[in-house]
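The structure under discussion appears below in the form of structure tokens.
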Amino acid sequence: MRVTRLTAAGLRLFEGVAIEPGPGVNLITGENGAGKTSLLEALHLMAYGRSFRGRVRDGLVRSGAEAVEVFVEWREGADFRPRRAGLRHTGQSWVGRLDGENVAQLGELCAALAVVSFEPGSHALVTGGGEPRRRFVDWGLFHVEPEFLPVWRRYARALKQRNALLKSGAGGAQLDAWDHELAESGEPLTRHRQQYLEQLRSRLLSVAGDLVPGLGAGEIHFQPGWRSSDLSLADALLLARDRDRGLGYTSVGPHRADWRIDYAAHPNREALSRGQAKLSALSVLLAQAEDYAQRRGEWPIVALDDLASELDRRHQQRVLQRLVDSGAQVFVTGTEVPVALAGLAVPLTVFHVEHGHIQQQ
């Protein structure tokens, strides 16, 4: 998968911007606050429906603009066929097109362009709450398992309905019906997640062994969101019903799922240092990208924000060499050309951002 053109309007500092990325590594340089990261946000927006910094309405739209508009052209597949997508997002509503046709679901756009992003907040994948870890697993399944999205949507609808009933104080037969629907969709949803993490384990061990060998062997532990070893989801929902009525929401189920990595050098879940957490999170993301490549036959786009400030030179070199060897198209931002790029035999395309404008060097 290779992006051939990226344009955006109303994007943070940019009134309008357009670049034609090259294969290999695309380096975007500029001073702090110049807008380098915004270009990666544009790619991430098309692939996830949001920025990795947060929601669209939280500052992604340029001050004074009605909306942010992003257009991406790329090539994919063994035949390198051309594709294109556009998204206009006000922060409240959106309009999208894919290959010249209107799309009814934002997920249609997100399914088309695959982007794996590593940025300063990525360590939350290891050290933060469960939400980013659930999104991580669901993104992977969304792209490699066709049966996953219908099950996910079915569960999300049922959860919304059950929570509405709990808030209204209703019960009896209505709750019985939605408990059944949650169980019928939640059990297969959980199996998909568990199988995905099990398949990801060997790749994660390989990447982590290269990037953070000092942590020792790692093991992934999945927590489905209820005591599944003792109870079915249907039984767990029934047992939690009185408590859920008091809370006004559903307290058990796949929407509460989580997973963690335990390393041999950190027994009893000892806390990782910030540097170790960054490398661990990066290992997880690269393992996911490798899994995508193996299953889909091509690499996703890889975006690395402010790599030089996040990793030391030795780890930068390891990461970049791994990606260069894979043939992936990579986007890297930095205040200057990373020293780690020296000596790498890779096509390098350099863009420089200054005062809301970008030029290819």
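Since the model is a prediction, treat every value here as computed from it, not as a measurement.
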Verify salt bridge (Lys or Arg N to Asp or Glu O under 4.0 Å) between Asp262 and Arg260, making sure each step is shown before the conclusion. CA-CA 7 Å; Asp262 289 338; Arg260 72 176 194 270; 3.0 Å; yes
If you count every heavy atom of other residues, nucleotides or ligands that lies below 6.0 Å from Arg295 atom CZ, does the total exceed 12?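 Result for CZ/Arg295: enclosed.
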Less than 6.0 angstrom separating the ring centers of Trp152 and Phe142, yes or no?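 No, ring centres 6.0 Å or more apart.
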Quick check: Trp139 with Tyr48 (ring centres under 6.0 Å apart)?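 Ring-ring flag for Tyr48/Trp139: true, centres closer than 6.0 Å.
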Heavy-atom pair with the smallest gap, counting every atom of [X] and [Y]:
X	Y	value
Ala34	Val353	O-CG1, 3.2 Å
Leu272	Gln276	CA-OE1, 3.6 Å
Ala42	Leu11	CB-CD2, 4.0 Å
Val56	Gly49	CG2-O, 4.2 Å
Val115	Ala303	CG1-CB, 4.4 Å
His89	Val61	O-CG2, 4.0 Å

Between [X] and [Y], does at least one N-O distance fall below 4.0 Å, as a salt bridge requires?
X	Y	value
Arg201	Glu219	yes
Asp306	Lys36	no
Asp138	Arg134	no
Arg135	Glu131	yes
Glu66	Arg88	yes

Looking at [Y], is its backbone amide N or carbonyl O close enough to the side chain of [X] to form a donor-acceptor pair, meaning the two atoms are under 3.5 Å apart?
X	Y	answer
Ser280	Ala277	no
Thr250	Val252	no
Gln223	Ala257	no
Ser206	Ser202	no
His255	Leu159	no
Arg62	Val68	no
Asp99	Arg84	yes
Glu119	Gly121	yes
Glu187	Leu233	yes
Gln105	Gly107	no

Under 4.5 Å between any side-chain heavy atoms of [X] and [Y], yes or no?
X	Y	result
Asp210	Arg322	yes
Asp58	Arg53	no
Thr4	Pro21	no
Phe52	Thr37	yes
Arg2	Glu73	no
Gln316	Glu310	no
Thr7	Val17	no
Val137	Phe222	no

Could you walk me through whether Tyr196 and Gln288 pass the side chain to side chain donor-acceptor pair (under 3.5 Å) check? CA-CA 10 Å; Tyr196 180 77; Gln288 183 172 69; 3.1 Å; yes
Rounded to the nearest 0.5 Å, what separation is found between the [atom1] atom of [X] and the [atom2] atom of [Y]?
X	Y	atom1	atom2	answer
Leu348	Asn26	CG	CG	8.0 Å
Leu60	Thr90	CG	OG1	11.5 Å
Asp312	Gln317	CG	CD	9.0 Å
Leu141	Gln195	CG	CD	9.0 Å
Gln92	Arg57	CD	CZ	5.5 Å
His352	Leu27	NE2	CG	11.0 Å

Does the pair Gln329 and Arg75 meet the rule for a side chain to side chain donor-acceptor pair (under 3.5 Å), with working shown? CA-CA 11 Å; Gln329 187 184 41; Arg75 292 182 176 271; over 6 Å; no
Decide side chain to side chain donor-acceptor pair (under 3.5 Å) for His44 and Ser117; before the verdict, give the C-alpha distance in whole Å, the side-chain angles of both, and the deciding distance to 0.1 Å. CA-CA 7 Å; His44 196 93; Ser117 303; 2.8 Å; yes
Look at the side-chain heavy atoms of Ile, Leu, Val, Met, Phe, Trp and Tyr, link any pair under 4.5 Å apart, and say whether [X] and [Y] land in one connected group.
X	Y	value
Leu285	Leu205	no
Phe71	Ile301	no
Val324	Phe118	yes
Leu238	Leu182	no

Steps toward side-chain contact (heavy atoms from CB on, under 4.5 Å) verdict (Leu311, Val319): CA-CA 10 Å; Leu311 303 180; Val319 170; 4.0 Å; yes
Contacts of type side-chain contact (heavy atoms from CB on, under 4.5 Å), residue Ala177, not counting sequence neighbours: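 Once residues adjacent in sequence are excluded, Ala177 has no partner under the side-chain contact (heavy atoms from CB on, under 4.5 Å) criterion.
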Might you work through the side chain to side chain donor-acceptor pair (under 3.5 Å) test for Asp244 and Ser251, ending with a clear yes or no? CA-CA 6 Å; Asp244 290 352; Ser251 62; 2.6 Å; yes
Out of Arg162, Lys160, Arg154, which residue meets the salt bridge (charged side-chain N to carboxylate O under 4.0 Å, His left out) rule with Glu181?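 Only one option passes, and that is Arg154.
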Does Leu204 form a side-chain contact (heavy atoms from CB on, under 4.5 Å) with Leu286? I'd like the steps, not just the answer. CA-CA 8 Å; Leu204 172 60; Leu286 290 179; over 6 Å; no
Connected-component partners of Leu175 among ILVMFWY, side-chain separation under 4.5 Å: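 Answer for Leu175: Leu165, Leu166, Trp178.
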Test Trp259 against Phe136 for side-chain contact (heavy atoms from CB on, under 4.5 Å), laying out the working first. CA-CA 10 Å; Trp259 57 272; Phe136 166 86; 3.6 Å; yes
Evaluate the criterion side-chain contact (heavy atoms from CB on, under 4.5 Å) for residue pair Arg241 and Asp176; output intermediate values, then yes/no. CA-CA 10 Å; Arg241 182 177 291 187; Asp176 288 341; 2.8 Å; yes
